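All of these numbers come straight from a predicted model, not from anything done at the bench. Every chain is numbered from 1 and lettered A, B, ... according to where its sequence line falls, protein lines coming before strand lines.
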Amino acid sequence: MEFRERFQKAKRALFDALYDTLNPEQRAAVYQVNDPLLVLAGAGSGKTTVLVKRIAHMIRYGNAYHSARMPADVSEAEVTALEGALSYDKEIIASILERYREDAPPAWAVLAITFTNKAANEMKERLAKELGVEEGTLDVWAGTFHSVCVRILRRYGEEIGLLRNFTIYDADDQKRIVKAVLKDLNIDDKMFPPRAVLPVISRAKDTMTTPVEFAASIGNDYRMKQIAKIYEAYQKRLKEANAVDFDDIIMKTVMLLRDVEDVRNYYQRRFRYVLIDEYQDTNAAQFELARLLSGYHRNLMVVGDDDQSIYKFRGATIENILHFDTAFEDARVIKLEQNYRSTSNILAAANAVIEHNDTRHGKKLWTAKEGGHKIVLAEVDDQTAEGVFISEKIMQLVRTEGRKFSDFAVLYRMNAQSNAIEKVLARSGVPYRVLGGTRFYERKEIKDIMAYLCLVNNPSDDLRFERIINEPKRKIGATTLTAIRDIALTEGIAMLTVCERASSYKALERVAPRLMEFAAMMESFRERQEILALSDLFRAVIDDTGYRAMLVAEGEESAERLENVEELISNAVDYEENNDNATLSGFLEEVALVSDIDNYDKDADAVVMMTMHSAKGLEFPVVFLPGLENGMFPSMAALTDHNELEEERRLMYVAITRARERLFMTHVKERLLYGSTQYNPLSRFVKEIPPLLLDKKDEREAPRARVSGGYQPTVIGGIGGPRKPEKTKTPVEVFAVGDCVQHQTFGRGTVLSVRSLGSDTLYEVMFDTVGTKKLMGNMAKLKKVE
DNA sequence: CACGCTCTGCCTGCG
DNA sequence: GCAGAGCGTG
C-alpha cells in the first residue's frame, strides 16, 4: 500500500475510534463539514448529538477527515504509530489527531439555528463541554431564526429604514393593529375579523410577498383585494410605529441581505459554516435566508424529519426538505434511522401510524430496545376521570418503579385540555408545571407595564401609547384619542409627541394639561433610564404611573395582578444578574423572543404538561396522551381535510415518539368543552395502531344505554345543567360524529360535530352536495343511513 | 368620560 | 366558560 494511502487509512480509523459511540451514518454526518448536506434524522436518532459533535469536530479538526492532504514531514514511523494508536485513550487519540487539522474555522464563523432558544443554549452548553472550554468563551452564533435575525437587524436594519430601537409586535399587538386599520379603512370587522386576515398577511410575508406584490398577485377576488388594502395599511402602521411583527423579522432580514451588498458580503464571508435544525418546519423566507447566509462558502447543513413537520399551518413548507438536493446541486443526503430513545413497542406504534400518510420520504425507524411495555389505552367517563387516571398512574409508578415526577409528561392537543387534568393533579398532591396557556407576559397587567417600558424605549410606538394613555384612568377618552391620532397623522409625528405639544392644538385645549403631564412623565422615565438600574426603572414606572395605586385600590380582586407586577420586577432583577450590560431594549427583546418551552426546567421534580407541539424535540420516560378522540385529535377540521389530517397524523407521530419507556393513551366518553358536552369516538389515529401493541383498560362501569349501536352520541344537558339520567324525552334520533345522515332538502351528509345546546342538539353536517351546514337536532329531522 | 351590565363569539398549534 | 365588545346610564 502506498505510504500516503496508509496515512489516510490510519487517520480515518483513528477518527472512527474517537467517535465509536456514533453509528456509521452519524459519523459520516460529522465528518462531512464541507458542501451542502441534508441529514434526514428520524425521531430520537441522536441528531442533537450529531450537531454538537459536528460543530466541535469542525472547530477542532476542520476538514481533517476528508482532506487528502498530508503534512510534509509525516514519517514512516509516524504512520506506524498512528496505526498502533487505535486502542489508546480517546483523549490521547483526540490530541494526536489535532496535528492533522485542516482549514478549521474559528468558533465565530459557525452559525447554528435551532427551533427554540433553549435548544440553542443546550447546544452551546454541550459544545463547550465537548471542546473542554468555558461556556461563556465560546462565540459560536446559536439561536432561533428570530433571535439571529433580530441581531442582524439591530445592527444593520437602518440600511432598510428600520431604526435601531424598533419594537417587536406579538400576536395581540397584531390583532389591535388590524382592528385599527379596519376602522380606518371603514371595512366591516365582521366580514374581515383579524383572525381571518392575519394568517393571510403572515403567509404573504412567509413567501416574501410585499403588499404591492400581494395586490398584484390576487386577481379579481374581492375578499383578497380588501385584505391587500388591509395588508398595505397594516405595514404602514408598523413602519410609523418603528415596529416589526414576527414575520417581518425574517422577511426584512432577507431583504436586507438580498438588497444591501455590503451587509450580504459581510455575513456571507463571516459564516463559513451554517447549520439549521428542525429544517422541516422552515418556510420559504427562511429557506431564502439560509441560501443567502451560506451563499459564499456553501457549507450549509440542514437537519430535519419530514414525518415531524407540524407547522404547515404557520407557513412551513416541506418542499424545503424535499427539494434540498435540487436547490443545492452537490448536496449529500444522509439518513439516520436508528432510534435510541423508545422501546420497540412504542416505535412500532409510531411507525404504524405514520405509514398511513401518503406524502412522505419513506423511512423506517428501528431500535435495538426490543419489546418493552405495551401501550396502555384506557377509556374513561369524562375529563375528570381522565385526570384521575393520569394522577393515579403517576402515583403508582412513583411507588412501584421508583420514578421521579419529572419522568412524566402529559401532552395534549390544545391548551384548553390542561385545566381539568391540572385540577386533579393539584388535588392529589402531584407536583406539576404547565407550559403554555396564558403566558406570564400575556397577562393584561404585565402587558400594560411592558407597554410603558416599550414606549420609553421607542416613543414612536403608537400602539403601546394607545394602550396605556388611559390606563390607569386619566380621563382621556375615545374622542381625545381620535383627535391625537388625527394630528399625529397629518403632521407625521408620534402620538406621544402630540401630547408633548398638546397646548398648541386647539382640538386638545381642554385635555392639554393632562396630556402634557403624561408626556412629561414619560420623558422623565426616559431620562431616568440612563441612570437607574433596570429594576429601579421598573419600580419607578409601576409607582409613578399610578398603576400600583390602581391595583392596590382595587383590593382583593387585584391581589394576584399586584403579585404579577411584583414578579415582573424580580424578573428584571434576574435579568440584571445574568447580563453584565442589562439594558431596557435587551430586556424587551428577550421577553419578545422567548418561548414557553425556553422556560422548561428539566431539573425541577415535577410532572410537565404541555401541548404536543411544544414537546417537539423533547423526550420523557413516561408519556400520557389524553383526549384521543375524533374531533379533539384529529381535530374537527382535520377530519374533513386530507392535508390537515396528514399534518395531525405527524403530530401524533411526534407525540408517540416522545416516550422512552411507557406510553398511556386515554379517551373520554363525554367531554365538556367550551361550555358544552361533546361525545366523540376513539381517535382514528389510535385505531391505526396494531391491537397487539395495546393493553386496553376499559374502565369497568355500568353500561350506558346504547341507542343505535356504534359510538354513543347522546347529548344530555348543557353547561351547569343537572345531568339527569336519560329517561326523559329524546324522541328524536341522536347521532355521533362520523355518522352518515339523510336530510330532506340537503340530502346525504356526514356528521362533523355534535354539541348540546340547551335541550336541543346542534349538529354540524357536511353534505355531499351542499357543503357544511349547522342544524338543530329537533328541527332538522335527520335520519341515519348506513 | 367611566362604569356596569348584557351579549356575542370563541373553538388549534407559535417564535 | 370566559373575555371582550357594545350599549345605556349616571
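Side-chain atoms of A:Thr114 and A:Glu278 include no donor-acceptor pair closer than 3.5 Å.
Spacing of P atoms, C:dG4 relative to B:dG13, comes out at 16 Å, to the nearest Å.
At least one side-chain nitrogen or oxygen of A:Lys179 sits closer than 4.0 Å to the OP1 or OP2 atom of C:dA5. Within the 4.0 Å cut-off from OP1 or OP2 of B:dG15, not a single side-chain nitrogen or oxygen of A:Asn283 is found. Between A:Arg195 and the phosphate of B:dC10, there is a side-chain N or O to OP1/OP2 separation shorter than 4.0 Å. Between A:Ser147 and the phosphate of B:dG15, there is no side-chain N or O to OP1/OP2 separation shorter than 4.0 Å. Contact between the side-chain N/O atoms of A:Ser635 and the OP1/OP2 oxygens of B:dG13 is not found at any separation under 4.0 Å.
One can place OH of A:Tyr412 at 12 Å from C1' of B:dG13, the figure rounded to the nearest angstrom. The CG atom of A:Leu645 sits 19 Å away from the P atom of B:dG13 (whole-angstrom rounding). For A:Leu651 and B:dC14, the CG to P distance is 10 Å, given to the nearest whole Å. Atom P of nucleotide C:dA5 and atom CZ of A:Arg176 are separated by 8 Å, given to the nearest angstrom. The CD atom of A:Glu445 sits 12 Å away from the P atom of C:dA3 (whole-angstrom rounding). We find that NZ of A:Lys118 is positioned 15 Å from P of B:dC14, with the value rounded to whole Å. Computed from coordinates, the A:Lys312 NZ to B:dC14 C1' distance equals 17 Å when rounded to whole Å. The nearest whole Å value for the distance from the CG atom in A:Asp172 to the P atom in C:dA5 is 10 Å.
Among the heavy atoms of the strands lying under 4.0 Å from A:Asp247 is at least one base atom, whether or not backbone atoms are also near. Within 4.0 Å of A:Tyr311, counting heavy atoms only, lie sugar-phosphate atoms of the nucleic acid but no base atom. At the heavy-atom level, A:Gln417 lies nowhere under 4.0 Å from the strands shown. No engagement by A:Asn117 is indicated, since no non-hydrogen atom pair under 4.0 Å with the nucleic acid exists.
Mapping A:Gly477 and A:Glu647 onto DNA chain B via the closest heavy atom, the residue that lands nearer the 5' end is A:Gly477. Comparing A:Val511 and A:Gln286, the nucleotide of DNA chain B nearest to each residue sits closer to the 5' end for A:Val511.
Among the nucleotides B:dG15, B:dC1, B:dC14, the one closest to the side chain of A:Thr480 is B:dC1. Of the candidates B:dC1, B:dG15, B:dC14, the closest approach to any side-chain atom of A:Thr479 belongs to B:dC1. Of the candidates B:dG13, B:dC3, B:dG15, the closest approach to any side-chain atom of A:Lys473 belongs to B:dC3. With B:dG15, B:dG13, B:dC1 as the choices, the nucleotide that has an atom nearest any side-chain atom of A:Asn415 turns out to be B:dG13.
No more than 12 heavy-atom neighbours from other residues, nucleotides or ligands sit within 6.0 angstrom of NZ on A:Lys423.
Here C:dG4 sits opposite B:dC7 as a Watson-Crick or G-U wobble pair (both hydrogen-bonding atom distances under 3.5 Å). Figure legend. B:dC14 is base-paired to no nucleotide; pairs are counted as Watson-Crick or G-U wobble with both atom distances under 3.5 Å.
Stacking between A:Phe313 and B:dG13 is present: the aromatic ring centre lies within less than 5.5 angstrom of the base six-membered ring centre, and the two planes differ by under 30 degrees.
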Q: Begin with the C-alpha distance, continue with both residues' side-chain angles, and end with the deciding distance and a verdict on side chain to side chain donor-acceptor pair (under 3.5 Å) for A:Tyr234 and A:Gln174.
A: CA-CA 9 Å; A:Tyr234 172 91; A:Gln174 290 179 285; 3.1 Å; yes
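Judged by distance alone, with hydrogens and angles left aside, the side-chain atoms of A:Asp306 form no donor-acceptor pair with the main-chain N or O of A:Ile321 at under 3.5 Å.
With salt bridges taken as basic N to acidic carboxylate O contacts below 4.0 Å, one links A:Asp173 and A:Lys447. For the pair A:Arg314 and A:Asp281, the salt-bridge criterion is not met [side-chain N within less than 4.0 Å of a carboxylate O].
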